[in-house]
Amino acid sequence: RLTWAQLDAMVSQVANGLRSLGLRPGDHIALSCPNVPYFPMAYYGILRMGGVVVPLNVLLKPREIAFHLKDAQARALLVFEGTAELPMATMARAACDEAGLSMPVIVMTANPAAPSPVDRALSFGQLVHGQAPRCATHPAAPGDTAVILYTSGTTGQPKGAELTHFNMVTNALVSRDMLSPLVDSPIAGTTRHLITLPLFHSTGQTAQMNASVAGASTMVLMPRFEAAGVLKTMVDERITCWVGVPTMYWALLQHARQHGVDTSAIAARLRVCASGGAPMPVAVLQDFEQTFGVRVLEGYGLSETAPVACFNQVFLPSKPGTVGLPVLGCEVRVVNDQDEPLPSGERGEIVIRGHNVMKGYFNRPADTAEALRGGWFHTGDIGVIDADGFVSIVDRKKDMVLR
């Protein structure tokens with residue numbers, strides 16, 4: 001359990017530690033960490049010293065880690081130690097060696113005082129030891145890159161979406177204001193977010209972690225989704241807000257039914273839930289709302305849109321089966337193959353314009369020009385906009401096999 005003051009001091013120590021290694025504003029610094037307190041410490045520490053955060057999926061293999069580090073031109077890597085089944089730090093060191101990369105590797109261990117378990121790597125304790133708990137924040141311009149998020153992509157290698165400070169701040173504020181109106185007072189810190197989506201992904205990072213910071217809310221981090229643990233934590237930590245994907249909602253319903261879980265204690269606190277990542281079956285949505293006594297709001301976004309672009313909002317009626325309306329400051333259209341706007345009710349590609357759209361794919365000008373042609377981000381998703389402006393996602397322009 002950390003107070004805001006303790007987190008702030010640790011963020012400063014991380015920033016000062018990175019500067020002591022010779023890292024400078026604008027340097028790209030990779031972060032491979034599950035949902036544990038080290039993630040926000042490192043994430044905001046990198047930003048405070050003026051660096052660019054490159055979050056990595058914790059399940060990447062050494063060959064994939066090597067690709068991401070080289071493609072992002074990373075200058076340093078902070079990595080969680082991991083477990084015997086997933087030795088993240090060992091794999092990261094192997095990736096650096098395989099790619100011939102020479103960079104500082106800082107290992108965040110379960111025991112901060114322990115030396116690094118990996119050869120030629122610093123421990124987190126060594127990084128912050130003796131560093132001042134105060135550090136001036138590097139002044140960033142709105143258009144400066146804050147985060148490079150790698151997309152899975154439908155073709156070829158993953159691409160790094162460059163998201164600016166303006167992208168990240170505005171999307172965090174929009175997320176905060178959409179998810180907290182049903183809770184007493186977000187500014188007073190009464191919103192309690194349970195974060196089970198990975199923080200290295202855009203939804204957990206922006207719509208929950210950054211939104212929690214913007215709203216002085218409490219973050220409860222779970223490194224791994226497990227239905228029984230989530231339901232218990234919702235009660236123990238008096239959770240008021242949770243964001244998940246449809247399979248998580250289905251898993252919670254199944255577990256509650258099979259084990260006769262009394263959901264009344266959860267329903268007494270839970271005020272709002274959100275879902276994204278895939279279309280939510282209407283039957284699952286309605287079943288969850290009835291069982292847990294909470295409204296589930298569906299949304300839509302992509303890594304390239306920081307991520308929230310559409311959302312069913314708390315002060316308006318939802319339309320089940322849709323992903324809601326474009327969020328404040330974001331425009332959404334449906335276009336044909338010639339990029340011409342289509343009337344309501346017709347299927348076409350979803351394109352997006354607004355404060356949330358990335359500046360481009362890092363070091364990939366051709367891909368950037370193609371994705372942002374005409375000033376609109378082309379999502380590759382096929383959708384429909386109805387007469388009331390509600391957006392539905394119905395297909396993909398290009399299919400992808402997830403293996």
Side-chain angles (χ1 to χ4, degrees), residues 1-14 31 33-45 47-48 55 80 108 112 133 168-169 171-245 248-249 252 263-276 292-297 299 307-308 311 314:
R1 293 180 185 273
L2 290 170
T3 66
W4 286 106
Q6 289 170 322
L7 176 61
D8 184 61
M10 188 57 74
V11 165
S12 283
Q13 287 179 282
V14 171
L31 173 60
C33 186
N35 290 13
V36 296
Y38 281 122
F39 191 100
M41 289 176 190
Y43 183 93
Y44 295 117
L47 292 175
R48 184 164 291 186
F80 190 69
M108 301 173 286
M168 299 299 286
V169 168
N171 216 250
L173 294 175
V174 164
S175 298
R176 178 200 68 184
D177 293 344
M178 289 191 304
L179 288 175
S180 34
L182 292 182
V183 185
D184 298 336
S185 169
I187 302 305
T190 52
T191 309
R192 299 177 69 85
H193 283 267
L194 176 60
I195 307 182
T196 54
L197 293 177
L199 290 173
F200 58 74
H201 186 265
S202 56
T203 303
Q205 192 180 127
T206 298
Q208 289 204 278
M209 184 180 74
N210 287 341
S212 292
V213 172
S217 306
T218 297
M219 290 181 266
V220 179
L221 306 180
M222 289 193 75
R224 186 173 181 175
F225 176 86
E226 188 268 317
V230 168
L231 293 174
K232 183 177 186 303
T233 302
M234 284 181 171
V235 175
D236 293 348
E237 298 297 336
R238 309 184 311 283
I239 297 303
T240 62
C241 179
W242 178 63
V243 181
V245 295
M248 291 179 175
Y249 282 88
L252 293 184
T263 59
S264 60
I266 296 173
R269 292 281 184 174
L270 204 55
R271 292 290 175 267
V272 63
C273 290
S275 177
F292 289 88
V294 66
R295 190 169 166 203
V296 179
L297 303 171
V308 186
F311 203 65
V314 294

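- With sequence neighbours left out, the side-chain hydrogen bond (donor to acceptor under 3.5 Å, both in side chains) criterion links Thr196 to Trp242.
- Legend: residues meeting side-chain contact (heavy atoms from CB on, under 4.5 Å) with Ser264, ordered by chain and number and at least two apart, are Asp262.
- Every residue was checked against the side-chain hydrogen bond (donor to acceptor under 3.5 Å, both in side chains) condition with Glu226, not counting sequence neighbours, and none meets it.
- Looking only at distances, a side-chain donor or acceptor of Arg176 sits under 3.5 Å from a matching main-chain atom of Ala214.
- A search for side-chain hydrogen bond (donor to acceptor under 3.5 Å, both in side chains) contacts involving Thr233 returns nothing, not counting sequence neighbours.
- Applying the ring pair (Phe, Tyr, Trp, His ring centres under 6.0 Å) definition to pairs two or more places apart or across chains, none involves residues 217-240.
- For Arg269, the side-chain contact (heavy atoms from CB on, under 4.5 Å) test picks out Arg238, with sequence neighbours left out.
- Arg192 places no side-chain N or O within 3.5 Å of a backbone atom of Val220 that could act as its donor or acceptor partner.
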Please tabulate, one pair per line, all N/O donor-acceptor pairs under 3.5 Å involving side-chain atoms of residues 197-204, not counting sequence neighbours.
unit_1, atom_1, unit_2, atom_2, d
His201, ND1, Thr203, N, 3.3

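- At least one side-chain heavy atom of Leu194 sits under 4.5 Å from a side-chain heavy atom of Val230.
- Looking at residues two or more places apart in sequence or on another chain, you find a side-chain contact (heavy atoms from CB on, under 4.5 Å) between Leu47 and Tyr43, Tyr44, Val53, Ala146, His165.
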- Mind running side-chain contact (heavy atoms from CB on, under 4.5 Å) on Trp4 and Val213 for me, showing each step along the way? CA-CA 9 Å; Trp4 286 106; Val213 172; 3.9 Å; yes
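- Leu231 is listed as a side-chain neighbour of Phe292, based on a closest heavy-atom distance under 4.5 Å.
- Side-chain atoms of Thr3 come within 3.5 Å of backbone atoms of Gln6 as a donor-acceptor pair (strictly under, hydrogens ignored).
- A search for salt bridge (Lys or Arg N to Asp or Glu O under 4.0 Å) contacts involving Arg1 returns Glu237, not counting sequence neighbours.
- A search for side-chain contact (heavy atoms from CB on, under 4.5 Å) contacts involving Val174 returns Met178, Val327, His355, not counting sequence neighbours.
- Residues Gln13 and Met41 are not in side-chain contact: their nearest non-hydrogen atoms beyond the backbone lie 4.5 Å or more apart.
- Judged by distance alone, the side chain of Asn35 and the main-chain N or O of Ile195 form a donor-acceptor pair under 3.5 Å.
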